[in-house]
Amino acid sequence: MLLTKICVPIALSTGVFIASCTAPQTDDSQMSPNFKDGEFRNSELPEMRSFWEIAWHGLTSDTTRAEWPEWVDSISDIAPRDSVSGDSIRVTFINHATFLIQVHGFNILTDPVFSERTSPLSFVGPKRVHDPGVAIAVLPKIDMIIVSHDHYDHLDLASMDKLIKRDNPKIYTGLGVGKRLASADSVHEMDWSDSIAVSDDFTLWFLEVQHFSGRTLTDRNSTLWGGFLMEIGNRKIYFGGDSGYADHYKRAYESFGPVDLAFLPIGAYAPRTMFKSVHLNPDEAVQAHIDLRAKKSIGMHYGTFQLSAEPRNEPIELLEQAKREANLAPSAFITLEVGQPMDIFAKDKSG
């Protein structure tokens, strides 16, 4: 395995960029009880690294950074179904934290990122190593998009603009994130523990996770981050966004009971001194799966953009190890190939 010294690109992975200097905006979201002393905060304050600490660490650390391949060939689901009815769930892995979830007649897209880089600039910053598993042009009509937070690897404005112009979907996100989407006219901002009735049998909840937000040097934690719980038909689907390990997974179980399907991040965790508070590693992702009492979990947030120091395939390898150590069935927590669709609970009519 070829290794290079960890460098400035690790600073880019946090979702802020040293050349971006847009001033934060004031809005009604600052009336939230979760907005304190000029920023949004988790209910329990983890030890967070500042932008400058991460940048300085990138310039001076002896931590080694695995060399990823420049390009990886991938399959693509060239003809996704128009829709899926009933309580079976069809999931297609597009890349990173982007999934097409089809259930109960809804086409739901999570954290859509289709651009070449997760950066404010087109010529620098983390660059994708494979094509999206499904191109925007061949996606079915998207009914709704959920956006967990405003970091560049989760909120891709170019992709959002294309999807808004094409389908005008409903968009659900955290407080303050809507101001990023100048072209959207159907954005619903949510505080932690807020719920919205999407339809008569679809309730969407926005839940606390341990993370942070910001896209520039001056707007850290000016918008709210979170995960989503979808109660749709007879199914409960948890989309974890981006998070470090904390008791919010147990609290989600206590509030909603076991979930049918969870999407949990497993990558961008090394070095732990930098990322432990904000990114799960595979061991912690397995514990989150257990905390949620999930029937099945799918790993995400790995393998597309090099945001941290670990080798590209290590999250998958460590996930398999963590499952064995936790005595989980191999099928309980899986990863999908890029572009791979999977029908989940198709034969399970019990709800």
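It should be emphasised that the depicted structure is a prediction, and the values quoted were computed from it without experimental measurement.
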Inset, instruction - Could you grab the distance from atom CD1 of Ile196 to atom CH2 of Trp205, nearest 0.5 Å is fine? - result: 11.0 Å
Criterion side chain to side chain contact (heavy atoms under 4.5 Å, CB included) against [X], the qualifying member of [options]:
X      : options                        : value
Ile344 : Asp260, Leu261, Val103, Ile334 : Leu261
Phe228 : Ile237, Val209, Leu204         : Leu204
His211 : Asn42, Leu224, Asp242          : Asp242
Leu100 : Val91, Ile108, Ile142          : Ile142

Tell me whether [Y] is reachable from [X] by hopping between hydrophobic residues (I, L, V, M, F, W, Y) whose side-chain heavy atoms are closer than 4.5 Å.
X      : Y      : result
Trp71  : Ile75  : no
Val187 : Val177 : yes
Val134 : Met160 : yes
Val84  : Ile146 : no
Val198 : Ile89  : yes

Report yes if the side chains of [X] and [Y] come closer than 4.5 Å at any heavy-atom pair, otherwise no.
X      : Y      : result
Leu109 : Phe99  : no
Met342 : Leu336 : yes
Pro126 : Gln306 : no
His154 : Thr110 : no

Inset, instruction - Apply salt bridge (Lys or Arg N to Asp or Glu O under 4.0 Å) to the pair Arg65 and Glu310, showing each step before the final yes or no. - result: CA-CA 7 Å; Arg65 181 179 173 91; Glu310 75 271 5; over 6 Å; no
Does [X] have its ring centroid less than 6.0 Å away from the ring centroid of [Y]?
X      : Y      : result
Trp192 : Trp225 : yes
Tyr172 : Phe206 : no
Phe305 : His96  : yes
Tyr249 : His289 : no

Inset, instruction - Carefully, step by step, assess His301 and Asp153 under the rule side chain to side chain donor-acceptor pair (under 3.5 Å). - result: CA-CA 9 Å; His301 202 265; Asp153 60 318; 3.3 Å; yes
Test side-chain contact (heavy atoms from CB on, under 4.5 Å) applied to [X] - qualifying residues, sequence neighbours left out:
X      : value
Ser122 : none
Leu157 : Leu155, Arg180, Leu181, Arg215
Ala252 : Leu207, Tyr238, Leu292
Val338 : Ser74, Phe93, His130

Looking only at non-hydrogen atoms, find the nearest pair between [X] and [Y] and report the distance.
X      : Y      : value
Pro112 : Leu163 : CB-CD1, 3.7 Å
Pro341 : Thr92  : CB-OG1, 3.5 Å
Ser115 : Ala158 : OG-CB, 3.8 Å
Ser32  : Leu175 : CB-CD1, 3.6 Å

If we ignore hydrogens and angles and just use 3.5 Å, is the side chain of [X] paired with the main-chain N or O of [Y] as donor and acceptor?
X      : Y      : answer
Glu189 : Gly178 : yes
Arg90  : Ile101 : no
Glu284 : Gly244 : no
Ser85  : Gly105 : no
Asn95  : Val113 : yes
Ser88  : Phe345 : no
Asn221 : Ser213 : yes
Gln210 : His279 : no
Thr118 : Tyr152 : no

Hey, could you give me each pair passing salt bridge (charged side-chain N to carboxylate O under 4.0 Å, His left out) that has a residue in [range]? Not counting sequence neighbours.
range            : result
residues 320-339 : Glu320-Lys323
residues 36-45   : Asp37-Arg41, Glu39-Arg41
residues 190-213 : Glu208-Arg251
residues 93-117  : Glu116-Lys127

Legend entry - For Tyr302, ring-ring contact (aromatic ring centres under 6.0 Å, His included) partners two or more places apart: none
Inset, instruction - Please name all residues satisfying ring-ring contact (aromatic ring centres under 6.0 Å, His included) with Phe40, sequence neighbours left out, ordered by chain then number. - result: Phe35
Inset, instruction - Output, in order, the C-alpha distance, side-chain angles, deciding distance and verdict of side chain to side chain donor-acceptor pair (under 3.5 Å) for Asp291 and Gln287. - result: CA-CA 6 Å; Asp291 290 350; Gln287 186 58 54; 2.9 Å; yes
Inset, instruction - Kindly determine whether His248 and Ser243 satisfy side chain to side chain donor-acceptor pair (under 3.5 Å), including the steps that lead there. - result: CA-CA 10 Å; His248 54 264; Ser243 178; 3.1 Å; yes
Inset, instruction - Quick one: list whatever passes side-chain hydrogen bond (donor to acceptor under 3.5 Å, both in side chains) with Thr335, sequence neighbours left out. - result: none
Inset, instruction - Check Asp82, Asp143, Asp343, Asn107 against Gln102 for a side-chain hydrogen bond (donor to acceptor under 3.5 Å, both in side chains) and give me the one that passes. - result: Asn107
Inset, instruction - Determine, step by step, whether His188 and Ile171 satisfy the side-chain contact (heavy atoms from CB on, under 4.5 Å) criterion, reporting the C-alpha distance in whole Å, the side-chain angles of both residues, the deciding distance to 0.1 Å, and the verdict. - result: CA-CA 6 Å; His188 304 269; Ile171 299 167; over 6 Å; no
Inset, instruction - Report the relative orientation of the aromatic rings in His151 and His149; use parallel for angles under 30°, tilted for 30 to 60°, perpendicular for over 60°. - result: perpendicular
Inset, instruction - Supply the members, apart from Leu318, of the Ile/Leu/Val/Met/Phe/Trp/Tyr cluster built from side-chain contacts under 4.5 Å; use none for a lone residue. - result: Tyr269
